[in-house]
Each structure stands twice: as C-alpha cells, then as structure tokens.
Amino acid sequence: TIRTIRGWIGEGDEGKIYALALSPDNRYLAVGGNMGRPTQHAKGGYTYEEVNAIRIFDFQTGELLKTLEGSNAVVTELNFSADSNRLVSGDASGHMCVWLISPEQMKRILRFDKHKRGITGIGVLPGGKLVASISSDGSLKFWDIETALVIKSIGRQTAFAFSPDGLDLASSTDDN
C-alpha cells in the first residue's frame, strides 16, 4: 500500500463506493457511489444531489479537489478519456454525463439519457471521441462524446471489452 485515501462512511449504504476511475496521467481519482445522506427540507422532500455526486481526488496527495454534482442517481460507472480531460459517468437510472476535468475547472458539459435502465459499463475509445456504454436494459451503445449522438446501438448485450488500440471489440449476449 502506497497511500490510503479515505472518504466518508455512514450507516447502511451511506459512503458505499460503486465506481472508481484513475485518469491515464495518474493525476485524478474519480469516485462514485452513495456519497452522502439525503437532506430533508423543512417543507418536506429531500435533496439528493450530493448523494449522487462524484468526488475528484488528487491521486498523488489524496486531497479532495472537487465534488461534481448533477447525476440523476447513484453513480455506477466512471471512465476517463485517454487525455485525462474528460470523465464519463453513468448512473443507476441510465443517465450519463460528460465532465470537463482540468486544473482550472471541473464541470459537467453534457447530461443525457441513452439507456432505459442502469449503466453497467462505460468505455472511452483511444482518441477520446467515441464512447461505448452498456446497460442492464441489454443495449450496447456507441456515441460521440462531443454531441452525445448515438452512432450505433446493439441489443441483447451483457458485457464488452475493447483491445488497447480500440480496433477490436469483444462482447457477450444474453443468449449465451
């Protein structure tokens, strides 16, 4: 063990981590999951934003740099682009976000719904322009990271993996 980065933990699932991503340049560690308690308001209702947040740590020091809020549900998948400047997140409701990650600013630049159910995998292809996402709805989608336009959708998929150069794809189907 080189270093331990501690987050927050509460009762039950509070503080449970569902997704980790290390930027290719080893600068950032992104952490997603059940990141806090819902806040109850005096007039009733709850605020869940921080619960569904992504925490960005400086991987070298362990310092918490930023909490990214704006996911629709608990974050289940995270993946950085090859240049470490974009983070793609997927949540338990099927929503995805693209985040700009730089020392100057960290902010959401896209939020969209491409799947009907929770995200179970995200891959950013080398070059950083094409993303693949898979969901518990059984669909594997390929989409443009700048526009969020779906280029191709394949049904009945359960898992996928890319070769390091991004030229080959292996996937499995729900019919064995």
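This one's a predicted model, so the numbers in the text were calculated from it and none came from an experiment.
- To the nearest 0.5 Å, the span separating CG on Leu65 from CZ on Phe59 amounts to 13.0 Å.
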Checklist entry - Going through the distances and angles, do Asn72 and Ser93 end up as a side-chain hydrogen bond (donor to acceptor under 3.5 Å, both in side chains)? => result CA-CA 7 Å; Asn72 207 46; Ser93 70; 3.3 Å; yes

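- Contact between Asp165 and Ser163 at its shortest, heavy atoms only, is OD1-OG, 2.6 Å.
- Listed by first then second residue, pairs satisfying side chain to side chain donor-acceptor pair (under 3.5 Å) with a partner in residues 126-137 read His115-Ser133, Ser133-Trp143, Ser135-Asp137, Asp137-Ser139, not counting sequence neighbours.
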Next on the checklist: Is there a side chain to side chain contact (heavy atoms under 4.5 Å, CB included) between Leu87 and Ile56? Walk through the geometry before answering.
Outcome noted: CA-CA 10 Å; Leu87 175 67; Ile56 304 293; 4.0 Å; yes

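- Remark: Ile54 CD1 to Leu20 CG distance equals 11.5 Å, nearest 0.5 Å.
- From Thr173, atom OG1 reaches atom CG of Leu140 across 12.0 Å, with rounding to the nearest 0.5 Å.
- Atoms NZ and SG, from Lys107 and Cys97 in turn, are 14.0 Å apart once rounded to the nearest 0.5 Å.
- A donor-acceptor contact shorter than 3.5 Å links the side chain of Asn52 to the backbone of Val74.
- By the 4.5 Å heavy-atom criterion applied to side chains, Phe162 and Leu130 are not counted as neighbours.
- Ile145 and Trp99 fall into different hydrophobic clusters, where Ile, Leu, Val, Met, Phe, Trp and Tyr side chains are chained together by heavy-atom contacts under 4.5 Å.
- Hydrophobic clustering (side-chain heavy atoms under 4.5 Å, transitive across Ile, Leu, Val, Met, Phe, Trp, Tyr) groups Phe160 together with Ile151.
- Rounding to the nearest 0.5 Å gives a distance of 8.0 Å between CZ of Phe80 and CG of Asp25.
- In this structure a side-chain-to-backbone donor-acceptor pair under 3.5 Å is present from Asn79 to Ile122.
- Taking every heavy atom of both residues into account, Gln157 and Ser171 meet most closely at OE1-OG, 2.7 Å.
- Side-chain N or O atoms of Arg3 include one that pairs as donor or acceptor with a backbone N or O of Gln60 at under 3.5 Å.
- Hydrophobic cluster membership differs between Ile109 and Ile101, with clusters built from Ile, Leu, Val, Met, Phe, Trp and Tyr side chains linked at under 4.5 angstrom.
- To the nearest 0.5 angstrom, Leu78 atom CG is 13.5 Å from Tyr18 atom OH.
- Two different hydrophobic clusters hold Val75 and Val88 under the rule that ILVMFWY side chains link at heavy-atom gaps under 4.5 Å.
- Annotation: salt bridge (charged side-chain N to carboxylate O under 4.0 Å, His left out) contacts involving residues 72-88, sequence neighbours excluded, comprise Arg86-Glu146.
- Tyr28 and Val124 are not part of a single hydrophobic cluster, where members link through side-chain heavy atoms under 4.5 Å apart.
- Nearest heavy atoms, Ser84 versus Pro24: OG-CD, 3.1 Å.
- Contact annotation: the side chain of Arg108 never approaches that of Leu68 to less than 4.5 Å [non-hydrogen atoms, C-beta and beyond].
- The shortest non-hydrogen separation linking Pro164 to Pro126 is O-CG, 3.3 Å.
- Under the side chain to side chain donor-acceptor pair (under 3.5 Å) criterion, Thr120 pairs with no residue, sequence neighbours left out.
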